[in-house]
Structures are given as C-alpha cells and as structure tokens.
Amino acid sequence: MKKLLTNNPGFPRIGGQRELKRATESYWKGDIGKDKLLKAAADIRKENWTLQAEAGIDLVPSNDFSLYDQVLDTAAMVGAVPERFGWDVGDVGLDLYFRMARGVQEKEAGEGHSAAQAMEMTKWFDTNYHYIVPELDAGQTFKRSTNKPVDEFREALALGVKTKPVLLGPVSFLLLGKSRSAGFSPLSLLGGLLPVYIEVLKDLAEYGAEWVQIDEPVMVTDLGPGELGAFKEAYGALAREVPGLKMLLTFYFGYLGGNLGTALGLPVAGFHFDLLRGERDIPAILGSFPKDAYISLGLVNGRGIWVNDLSRSAAIARKFVAALGEERVMIAPSCSLLHVPISLRNETALPPGVRNMLAFAEEKLDEVVALSSVTGGKGFEDALGKNEALLKEWSENPLINDPAVKKAPAEYSADGGRSPFPVRQKKQREAFGLPLFPTTTIGSFPQTPEVRSLRLKFRRGEMTADEYGEYIRARIREAIALQEELGLDVLVHGEFERNDMVEFFGEMLNGFAVTLGGWVQSYGSRYVKPPIIYGDVSRPSPMTVEVIRYAAALTEKPVKGMLTGPVTILQWSFCREDIPRSEVARQIAFALREEVRDLERAGIRIIQIDEPALREGLPIRKEDWDEYLVWAVEVFHIASGAEKDETQIHTHMCYSEFNDIIESISRLDADVISIETSRSRMELLDAFRDFEYPNEIGPGVYDIHSPLIPGAAQMEELIAKAAEYIPKENLWVNPDCGLKTRSESETKAALGNMVKAARSLRQRFGG
Ligand code: GLN
Ligand code: ZN
C-alpha cells in the first residue's frame with residue numbers, strides 16, 4: 001500500500017504546559033537570563049519536531065516557532081526596524097526584538113536609547129491571533145538581520161529531523177505592513193526586499209533543505225492587478241535565483257477565487273490550499289493544476305477542534321490522486337495548527353461523549369497520517385467506518401439536539417416591540433436625567449493579583465462559594481464607592497467575578513464545554529482558552545442578575561448590567577460545525593435575550609452588550625460581507641430585545657477600525673455605543689463626517705492598554721473635536737475599553753481626570 005506524503009504548515013509553539021509563557025515573562029521580569037529563555041525555547045522546538053516526526057509527518061515545519069510573533073520575526077529577519085528603536089547596524093538581537101514588540105519605558109531605555117512606543121498589533125486575518133504590524137515607509141531599505149530560519153533548520157538537522165523551513169512570503173509581508181508616508185504603496189519596496197529572501201533561501205539550500213514553505217495568505221484576499229503582478233515578480237525572481245530549492249507556496253483561511261489563475265502560474269514546486277474554507281476552489285484547481293507540481297491538500301481543519309469527517313476528506317483526496325497521481329499529492333491540516341490547543345491528553349473533565357468528538361493539534365497529526373493511506377488498504381477502510389459511525393451517533397445525540405431551542409426562533413418578531421430611537425431617547429432622557437456629556441466606564445475594574453488568586457483558590461475548592469461570593473461583593477462595594485467618589489454618572493459593578501468575558505458565559509450556558517488546558521496563543525505571552533460550543537445553546541438560569549442587582553442596590557446612580565454579545569461569544573469560542581455559525585449565534589442571542597429581560601425585571605435600567613469581535617468576524621472577501629453583517633445585526637437585535645423603551649441598551653466595540661462597517665454598526669440601533677478611538681482617532685472622526693451616526697456615542701477618550709495617565713485637557717479636546725461632527729447631546733465620555741489590566745492607582749487617577757474633562761466640557765458647551 002502506497003502512502004501519500006504528509007505535510008504540516010505549523011505547530012503550536014507555546015509548549016504543552018505553557019512553558020513559553022513562563023520563560024518569556026520571567027525573562028522580561030529579569031528573573032531568568034537569556035540562556036535559560038533560549039534553552040526553554042529550544043526544548044519546545046525539540047519536543048515539537050520529535051513529536052511530529054514520530055507521528056509520521058514527512059514535511060515537518062521549522063521556523064514556525066516564535067518567541068513572540070512570526071510577522072515580527074520576519075521584520076527582524078529583513079531588518080525592518082522602526083527608527084525610534086535606535087538600531088543602526090548588526091543583527092537584531094533578543095532585546096531589540098522584544099522592545100519592538102513591547103515598547104520601551106523611559107526608565108528601562110538605558111544609555112543611548114529613549115522611550116519608544118511598541119509596534120502596533122492587529123488581528124491576523126479573521127482569527128483572534130494578533131500579529132505585529134510591520135512599519136514600512138518610502139525609502140525603507142532591507143538587510144538580512146537575523147539567521148533564525150537557517151539556525152532552526154540546522155538545529156533540527158542536528159536532532160535528526162530534516163525540516164521544511166517556513167517563511168512568511170514577501171508579498172504578504174509587505175501587504176500586511178502599514179505606512180506612515182501618504183500615497184505610498186508598500187509593494188514598491190518589493191525589489192529591495194527580494195534580495196534578502198534570496199540570500200536566506202540560498203543558505204537554506206546550501207545547508208541541505210529540500211522544501212521550504214512560503215506562506216502567502218494574502219492570496220485569499222481581494223487583490224488587484226498590481227498585487228497579482230507583485231506575486232509574479234517575486235516568485236519569478238526567487239525561482240530563478242534559487243532553482244535548487246522546492247518552494248511550497250502556502251495559502252490558507254479562504255478561497256482564491258479569481259486569484260487562482262495567477263497563483264497556479266507561479267513557478268514554484270508545490271502549492272498548499274485550505275480546502276475547508278477554500279472548498280469552492282476545488283473544481284478549478286482540479287481543472288488547471290500544473291502537471292509537474294506538488295499539491296498539499298489542507299483537509300484537516302487547523303481552525304477548529306472537531307474530528308475530521310474522513311469520508312469527505314477521502315473523497316476529495318481521491319479526486320486529486322486520480323487527476324495527479326500519488327507521487328505529488330500531500331495530506332495536510334488546512335493551516336498552521338497554531339490556532340488550536342496542543343493535546344487532548346489531559347482533558348479529563350469534558351462532558352461525556354464530547355471528548356471523542358475532538359481533535360487538537362496532536363490528534364490532528366494522526367488524522368493527517370491516517371488520511372495518507374486513503375488510496376488503499378483495509379486499515380483505512382476500518383478507520384473510515386469507525387469515523388462514520390462516530391459522526392452519525394453524535395449527530396443523533398440528545399446532548400446536542402434540544403427541541404426547545406430549535407423552536408425558539410419562530411416565537412421571535414423582528415421589531416421586538418420597542419419604539420424607534422428618537423422616541424426611546426426622549427423617554428430615556430426623562431427617566432435618567434443625566435447631565436450633558438455623561439461619564440461611564442466600559443465594565444471591568446482592575447483585576448488585581450489578589451482577585452485572580454482568590455478565584456483560583458475558589459476553583460480549586462480551597463474556598464467556599466459563600467466566602468468567594470462575599471469577597472466579590474466586597475470588591476463591588478469598593479468599586480461603587482470609588483465611582484461615586486470620582487463623580488461618574490453611570491456606574492458598573494466591575495466584573496470581578498469574571499475570568500474572561502466569554503468563558504464566564506460559556507461556563508453557565510447549556511451547549512458549552514470549557515477545557516482544562518486548551519490554551520491558544522492570542523498575542524505574545526497572552527493565551528486564551530476558548531470554550532467549545534458543542535450543542536444547542538440555552539440558559540438554564542440567570543447568569544448575572546444577582547451580582548448586578550447587588551451593585552445597583554448600593555447606589556442611587558444607574559448601574560449597567562453587563563453582557564457579552566452573541567457574535568463575540570461565537571467568535572471567541574470553538575464553534576460546532578454541524579449547523580451554520582449564524583444559527584449558533586441566534587441560539588446564543590435568545591439565551592442573552594432572556595437574561596436582558598430578567599435584568600429588566602430586576603429593575604436594571606441600563607444594559608450593555610459588548611461586541612468587541614464584531615469586526616473581527618467579518619469575512620475576508622468583501623463579497624461575503626453582507627451575508628455576515630445581516631445576521632450579525634439581527635442576532636444583536638434578538639439579544640438586545642428589551643421590553644421597555646426606557647431600558648437603555650449600550651454596546652461596546654474595540655480592537656479595530658470600524659469605518660468600513662459604520663453603517664451596520666448604526667443598524668444595531670443600540671441606544672449608546674462606546675467605541676475605541678484613541679488609537680485611530682482621526683479616521684473614526686472621518687467616518688462620522690461622512691456618515692451621520694444617529695444614536696448616542698462615547699468615543700473612547702483614552703487608551704487603556706497604556707500605563708500612561710491621560711490629562712484632563714487632552715481628553716477634553718478629543719470630545720470637543722468629536723462635537724464638531726456629532727451633536728453634543730449625543731456624546732458620552734468613557735475610556736476606550738475595560739480597565740481590567742490597569743492598576744488601581746492608574747485607574748483612579750485616569751478616571752478622576754476623565755470626570756474633570758466632562759465637567760469642563762459641560763461648562764464650555766453649556767447645559
Ligand atoms: N466589558 C468588558 C470589559 O470592560 C469589555 C472588554 C472588551 O471589550 N474586550 O472588560
Ligand atoms: Zn473593549
């Protein structure tokens with residue numbers, strides 16, 4: 001029996017016990033030295049390579065490891081170091097690398113260096129992974145400044161594994177960057193960048209690399225002729241200059257559509273496709289695949305955690321084998337496994353039946369290897385039979401099918417019964433009597449080490465629920481007292497009881513499971529543990545009412561009820577794949593709607609539904625936007641369906657730029673939206689100039705990601721500027737996001753200044 005080749009685009013690099021987090025954070029604190037950090041990193045790489053080789057992967061990746069982020073690694077490799085870091089010549093060493101990622105504080109700048117802002121971070125396509133955005137300007141030159149791809153290739157070779165080094169391709173690198181010079185196209189730098197790639201590839205070839213994986217995920221985005229031309233130029237040059245190396249051009253996260261023709265015309269040895277998200281490309285690929293090229297079929301989902309549907313994968317693989325022969329077809333995950341947890345081995349607390357249905361990174365490697373025998377053998381037929389039986393049994397499992405949930409949508413009427421915004425606004429103004437420029441916060445107050453350690457104690461059973469509850473209530477009392485002392489107008493309870501804004505709800509809703517150690521890198525040393533949505537979602541009992549009611553009783557001022565919105569819960573969980581995502585979002589929305597109504601009945605008059613991930617969920621291709629936005633808006637309407645006009649619905653958004661979806665945001669019809677603006681201040685105001693946002697809005701007046709305490713005058717100016725575009729009666733004053741990562745003293749000082757700014761605005765603009 002002939003086995004197909006197996007390929008893996010990338011493996012999680014955080015270590016099975018989150019070793020990388022511990023090592024990097026200890027290094028940053030100065031608790032361990034460089035040697036220990038590098039040793040920890042090398043141990044993780046060794047473990048990953050060995051594990052993959054032993055699992056039976058033929059093309060094992062190297063240079064997929066990163067101490068922080070692979071885009072930052074690329075910027076370092078090509079010497080794209082922003083000027084403010086004061087780098088002149090030589091290699092980009094470890095400390096400069098971390099400075100680029102994390103910024104330099106005045107006190108740690110050291111001789112010859114000054115404080116410098118970290119490079120910006122943004123979401124990697126439509127994932128919750130954040131990459132460091134390259135800064136590129138006209139006149140930018142490139143020079144090879146690290147040896148990481150070669151070093152790691154040799155390191156693996158010494159361990160007996162001949163790897164396939166992974167590089168982020170030159171076109172994606174440039175297109176993912178941002179520029180400060182007006183009217184400048186990053187692609188104009190391609191000619192200067194290619195020599196660095198050529199140098200690296202030549203070295204790899206010299207040390208004996210056979211394959212190199214070049215990731216060009218921008219190929220699944222909307223591209224014009226200029227960008228497609230850049231691909232031709234880049235790969236023409238690389239193929240010409242380094243003929244001895246097999247380039248595996250790797251695409252993922254979507255379909256190529258109209259870009260496919262250009263892609264398949266590039267002179268490389270092989271192509272990798274994401275055949276889950278890019279399923280619709282299959283006929284065109286089959287029809288026009290170059291006769292002598294290799295193809296890596298991304299059939300095992302690198303973005304999800306469910307067992308593979310082997311019969312689907314086998315059917316596709318067999319088609320390709322029939323068309324291209326066995327020699328040049330490889331089986332692979334759809335993309336790097338960076339986006340899934342490492343192993344199911346220690347997941348002992350999942351609901352019965354769920355665990356059998358899951359595959360994390362390690363288990364996915366086994367699936368890839370199993371699929372490599374697709375062309376023959378009883379072994380594979382047996383595996384296929386078992387897999388079919390498992391999937392069938394699961395689809396009939398009462399655990400995932402709840403007839404009561406399936407029925408709910410029919411009972412919902414789209415208008416929800418509330419009046420149009422102007423009517424609601426009038427009633428709400430009478431009900432609340434808030435001053436002009438009302439002040440509020442986004443929800444969380446500092447999660448001090450004490451709060452976190454007590455939650456851990458409670459989880460471990462070292463503290464009773466009563467003791468923990470009383471501890472949380474004490475924090476709420478302090479937060480309310482502080483907000484009253486500072487003079488804020490609409491108060492919050494502080495979210496001390498929440499570990500995470502999604503997992504908190506995941507733990508209480510039916511249809512969700514949480515893992516013990518299913519960590520996934522979000523950025524740098526920050527990892528998240530997304531819940532798993534496996535079945536129909538419903539709310540067994542109220543989730544937040546008791547805590548909010550407690551807080552509200554402590555003050556005369558209104559206290560906001562705090563919920564995470566349906567799109568964000570969906571986006572930051574691993575979602576079931578047997579029904580459409582929009583359907584899962586609807587189920588979550590109905591559960592939240594019950595919560596909203598219970599809060600209303602408990603006398604809570606303002607309810608905030610956070611949707612920070614709304615923008616992130618937007619499809620990669622523009623032609624798919626409408627479909628998503630329609631259901632995203634609808635599920636918000638379902639969730640926010642309060643009964644009374646007087647109940648004020650707030651929402652909150654952050655993490656991205658919203659200009660291109662401002663119209664959909666207005667269709668959410670929240671009474672008040674608070675939105676991150678301080679990092680993209682000017683652009684958001686432009687959107688308001690072009691589009692008259694009808695409801696009330698709080699443009700964030702300060703960046704909570706920074707420890708800097710903003711001055712009152714600075715915040716006042718921001719709102720004064722906003723008042724040029726937005727009627728002053730509609731403006732709120734609030735920070736950019738929740739305060740959970742800030743210290744108590746920073747919070748107090750910053751909010752004190754914010755209240756001062758609002759008071760001054762009231763004077764300036766009159767009652
Ligand atoms: N209410 C949440 C908080 O204040 C919102 C967090 C977010 O937008 N990411 O922490
Ligand atoms: Zn936020």
Side-chain angles (χ1 to χ4, degrees), residues 9 70-71 74-75 77-78 80 124-125 131 134 136 140 142 149 164-179 184-202 204 211-243 245-275 277-278 280-281 284-285 287-296 298 334-336 620-623:
Q70 71 276 9
V71 184
T74 313
M77 178 182 90
V78 302
W124 179 242
F125 299 86
Y131 72 94
L136 304 166
Q140 170 88 45
F142 300 101
K164 166 204 61 175
V166 180
L167 297 176
L168 175 62
V171 181
S172 291
F173 175 73
L174 291 175
L175 291 178
L176 289 168
K178 65 165 213 173
S179 153
F184 155 82
S185 155
L187 285 179
S188 63
L189 301 174
L190 186 62
L193 179 62
L194 289 174
V196 181
Y197 274 83
I198 291 168
E199 213 183 309
V200 173
L201 293 177
K202 279 188 170 161
L204 288 171
W211 280 101
V212 59
Q213 170 182 324
I214 307 194
D215 286 5
E216 287 285 12
V218 300
M219 196 56 115
V220 307
T221 65
D222 295 312
L223 299 177
E227 289 131 350
L228 293 171
F231 272 103
K232 291 185 203 156
E233 181 189 338
Y235 289 90
L238 299 184
R240 201 168 47 241
E241 297 292 328
V242 201
L245 197 58
K246 291 189 187 135
M247 288 188 274
L248 181 60
L249 200 51
T250 296
F251 311 123
Y252 42 78
F253 296 161
Y255 55 92
L256 274 67
N259 302 337
L260 184 69
T262 303
L264 291 181
L266 298 172
V268 295
F271 299 91
H272 168 89
F273 296 97
D274 177 339
L275 296 184
R277 290 175 175 240
R280 69 175 85 166
D281 285 338
I285 300 173
S288 57
F289 199 76
K291 282 289 155 272
D292 51 354
Y294 286 78
I295 188 162
S296 162
S334 59
C335 60
S336 168
I620 291 176
R621 301 301 274 262
K622 273 221 165 79
E623 63 180 17

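For the side chain to side chain donor-acceptor pair (under 3.5 Å) test, residues two or more places apart in sequence or in another chain that qualify with Tyr235 are Glu216. With sequence neighbours excluded, the residues satisfying side-chain contact (heavy atoms from CB on, under 4.5 Å) with Ser179 are Asp137, Ser181, Phe184.
At least one donor-acceptor pair closer than 3.5 Å links the side chain of Ser288 to the backbone N or O of Ala284. Ser172 places no side-chain N or O within donor-acceptor distance of the main-chain N or O of Pro170, the cut-off being under 3.5 Å. Asp281 places a side-chain N or O within 3.5 Å of a backbone atom of Gly257 that can act as its donor or acceptor partner.
In this structure, CD1 in Ile620 is found 6.5 Å from CZ in Arg277, a value given to the nearest 0.5 Å. Here Met77 contributes atom CE and Glu199 contributes atom CD; the two are 9.5 Å apart, rounded to the nearest 0.5 Å. Note that the CD1 atom of Ile295 and the CD1 atom of Ile285 stand 5.0 Å from one another [nearest 0.5 Å]. Going from atom OG of Ser296 over to atom NZ of Lys164 covers 7.0 Å, rounded to the nearest 0.5 Å. To the nearest 0.5 Å, atom CG of residue Leu248 and atom CZ of residue Phe271 are 9.5 Å apart. To the nearest 0.5 angstrom, Met247 atom CE is 5.5 Å from Ile214 atom CD1.
For the pair Arg621 and Asp222, the salt-bridge criterion is met [side-chain N within less than 4.0 Å of a carboxylate O].
At a threshold of 4.5 Å between non-hydrogen side-chain atoms, the residues Leu187 and Glu227 count as touching. Between Leu190 and Glu233, the closest side-chain pair of non-hydrogen atoms falls below 4.5 Å. Within the 4.5 Å cutoff, no side-chain heavy atoms of Leu167 are placed close to those of Gln213. Lys246 has its side chain within reach of Tyr294: a pair of non-hydrogen atoms, C-beta onward, lies under 4.5 Å apart. Put simply, the side chain of Leu256 reaches to within 4.5 Å of the side chain of Phe251, judged on heavy atoms. Counting heavy atoms from C-beta outward, Phe142 and Tyr197 have side chains that stay 4.5 Å or more apart. With a 4.5 Å cut-off on side-chain heavy atoms, Val71 and Trp124 count as touching. No side-chain heavy atom of Phe173 sits less than 4.5 Å from a side-chain heavy atom of Leu189.
What you find for Val166 and Pro9 is that their closest heavy atoms are CG2-O, 3.9 Å. Leu194 and Ala237 make their closest contact through CD1-CB, 4.0 Å (heavy atoms, listed as atom of the first residue, atom of the second, distance). Looking at every heavy atom in both residues, Val220 comes nearest to Gly254 through CG1-O, 3.6 Å. In terms of heavy atoms, Val212 sits closest to Pro165 at CG2-O, 3.3 Å. Of all the heavy atoms in Ala239 and Pro267, the pair that sits closest is CB-O, 3.3 Å.
With Met219 as the fixed residue, the side-chain contact (heavy atoms from CB on, under 4.5 Å) test singles out one of Leu260, Leu266, Thr250: Leu266.
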key: Audit row: Ile198, Leu201, side-chain contact (heavy atoms from CB on, under 4.5 Å) steps and yes/no   = CA-CA 5 Å; Ile198 291 168; Leu201 293 177; 5.8 Å; no
task = Go through the steps for Phe231 and Leu223 under the test side-chain contact (heavy atoms from CB on, under 4.5 Å), then give the verdict.
result = CA-CA 11 Å; Phe231 272 103; Leu223 299 177; 3.9 Å; yes
task = Begin with the C-alpha distance, continue with both residues' side-chain angles, and end with the deciding distance and a verdict on side chain to side chain donor-acceptor pair (under 3.5 Å) for Asp215 and Tyr252.
result = CA-CA 8 Å; Asp215 286 5; Tyr252 42 78; 2.9 Å; yes
